[in-house]
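Reviewing the structure listed below.
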Amino acid sequence: MRRSLAVFRLTTSSLLIALSIVLQRFFVFPAGPSVYRISLANVPIIFASLIMGPIYGGIVGALSDLTGTLLFPVGSFLPWPLISATLYGVLPFLLIEGIRRIPVVIKTILFHVLAVSVYIFVVVYIFKNNQALYWSDSSGEKYLEFSPLFKILFLSMISLLGLILSGSITWLQIKNKDTPPNEITWRIVDLAFVLLITRIILDVIFATLWKETVMGADYVISVFFHTIILLILVPLETFILTLISKPLSNIKSRFS
């Protein structure tokens, strides 16, 4: 059985590394040069952490970044994205194991407080500013313009995503309150909470600090962009991981 489990882990790790590289290099927005990008490349790394633990998760994260950098180099090598990718494979498992002991009501309240705080920051920033610098090189500076139409459309989209996420979590909690939790992602509120905390730590805090130090990116603007990315990706990642966790959990159980 141990041999079968080792085969499962090695095979799954290889597939997740390959998938992460493809998502990171070919399915990103915006496609051109930018300090801030929207990508689902961390989903395979997070899933590796949840299904195989922090050691395999960290290895998948590190090898995804290293292999992607070697195969598709963009500029000079920086250790900070490697550290971030590795921690994306370590933190989710540790966090979800830790918050399982917290009552569901408290987790739900904390999640909504954090999510609303992040949302309020984005709203205030957009309404107080008319643009934000997101890229600067020898050819000049590129700004994201906050026109009145952009403010209305963007805030409407973010609000809709937030309502969908909040409503989905509440509905699924009520529907599945008597159902045993998934052994990988636990309950949906746990997964959403873990993804929110992970992105706050690694993107809003860690990535902002190293981009300010190394690239000279403005701290507040960097927090703003990473917060927008968080608001877009947390609902998507929660949905995708919830969708794939159960069938892959069943596959893993055959090797245990």
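These values consider heavy atoms only, across backbone and side chains, with no hydrogens, waters or symmetry-generated copies. The residues of the chain are indexed from 1 along the displayed sequence.
- Between L243 atom CG and T238 atom OG1 the span is 12.0 Å, to the nearest 0.5 Å.
- With rounding to the nearest 0.5 Å, the separation of CD in E237 from CD1 in I46 is 4.5 Å.
- Between D190 atom CG and L195 atom CG the span is 11.0 Å, to the nearest 0.5 Å.
- Here the straight-line distance linking atom CD1 of I240 with atom CG of L40 works out to 4.5 Å at 0.5 Å rounding.
- The shortest distance between side-chain heavy atoms of S64 and Q24 does not fall below 4.5 Å.
- Here the CG atom belonging to D65 is positioned 9.0 Å from the CD1 atom belonging to I21, to the nearest 0.5 angstrom.
- Residue V234 is grouped with residue L241 when hydrophobic side chains (ILVMFWY) are merged at heavy-atom distances under 4.5 angstrom, including chains of intermediate members.
- Of all heavy-atom pairs between S20 and A41, the closest is OG-O, 2.9 Å.
- Between W210 and P81, some side-chain heavy-atom pair lies under the 4.5 Å cut-off.
- Across every non-hydrogen atom of L230 and P235, the tightest pair is O-CD, 4.2 Å.
- Around the CZ atom of F239, the shell of radius 6.0 Å holds no more than 12 heavy atoms that belong to other residues, nucleotides or ligands.
- The aromatic rings of F150 and F146 lie parallel to each other, their planes meeting at an angle below 30°, with 60° marking the opposite boundary.
- Tracing side-chain contacts under 4.5 Å through hydrophobic residues (I, L, V, M, F, W, Y), one reaches V43 starting from I45; they form part of the same cluster.
- Taking hydrophobic clusters as Ile, Leu, Val, Met, Phe, Trp and Tyr residues chained together by side-chain heavy-atom distances below 4.5 Å, V90 does not share a cluster with I197.
- Contact of the V122 side chain with the F154 side chain is registered, since non-hydrogen atoms from C-beta on lie closer than 4.5 Å.
- Of the possible donor and acceptor atoms, none in the side chain of S13 sits under 3.5 Å from a partner among the backbone N and O of V60.
- Listed by chain and number, the residues in a ring-ring contact (aromatic ring centres under 6.0 Å, His included) with F193 amount to none (sequence neighbours excluded).
- From T208, atom OG1 reaches atom CD1 of I205 across 8.5 Å, with rounding to the nearest 0.5 Å.
- Cluster membership for I99 and I106, using ILVMFWY side-chain heavy atoms within less than 4.5 angstrom, is shared.
- Side-chain contact between F224 and N129: absent, with no pair of heavy atoms (C-beta onward) separated by less than 4.5 Å.
- For the pair R199 and T227, the minimum side-chain heavy-atom distance is 4.5 Å or more.
- With L196 as the fixed residue, the side chain to side chain contact (heavy atoms under 4.5 Å, CB included) test singles out one of L231, L191, L95, L114: L114.
- For the pair N130/K151, a side-chain contact is recorded, criterion being any heavy-atom separation below 4.5 Å from C-beta on.
- Between Y88 and S84, some side-chain heavy-atom pair lies under the 4.5 Å cut-off.
- Residues I55 and M52 share a single hydrophobic cluster, defined by chaining ILVMFWY side chains whose heavy atoms lie under 4.5 Å apart.
- Between F206 and W80 there is a side-chain heavy-atom pair separated by less than 4.5 Å.
- Residue L63 forms a side chain to side chain contact (heavy atoms under 4.5 Å, CB included) with just one option from L82, I17, T86, L16, and that option is I17.
- For G68 against R25, the heavy-atom pair with the smallest separation is C-NH2, 3.2 Å.
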Q.
Test side-chain contact (heavy atoms from CB on, under 4.5 Å) on L15 and L19; report intermediate values, then the result.
A. CA-CA 6 Å; L15 291 172; L19 181 58; over 6 Å; no

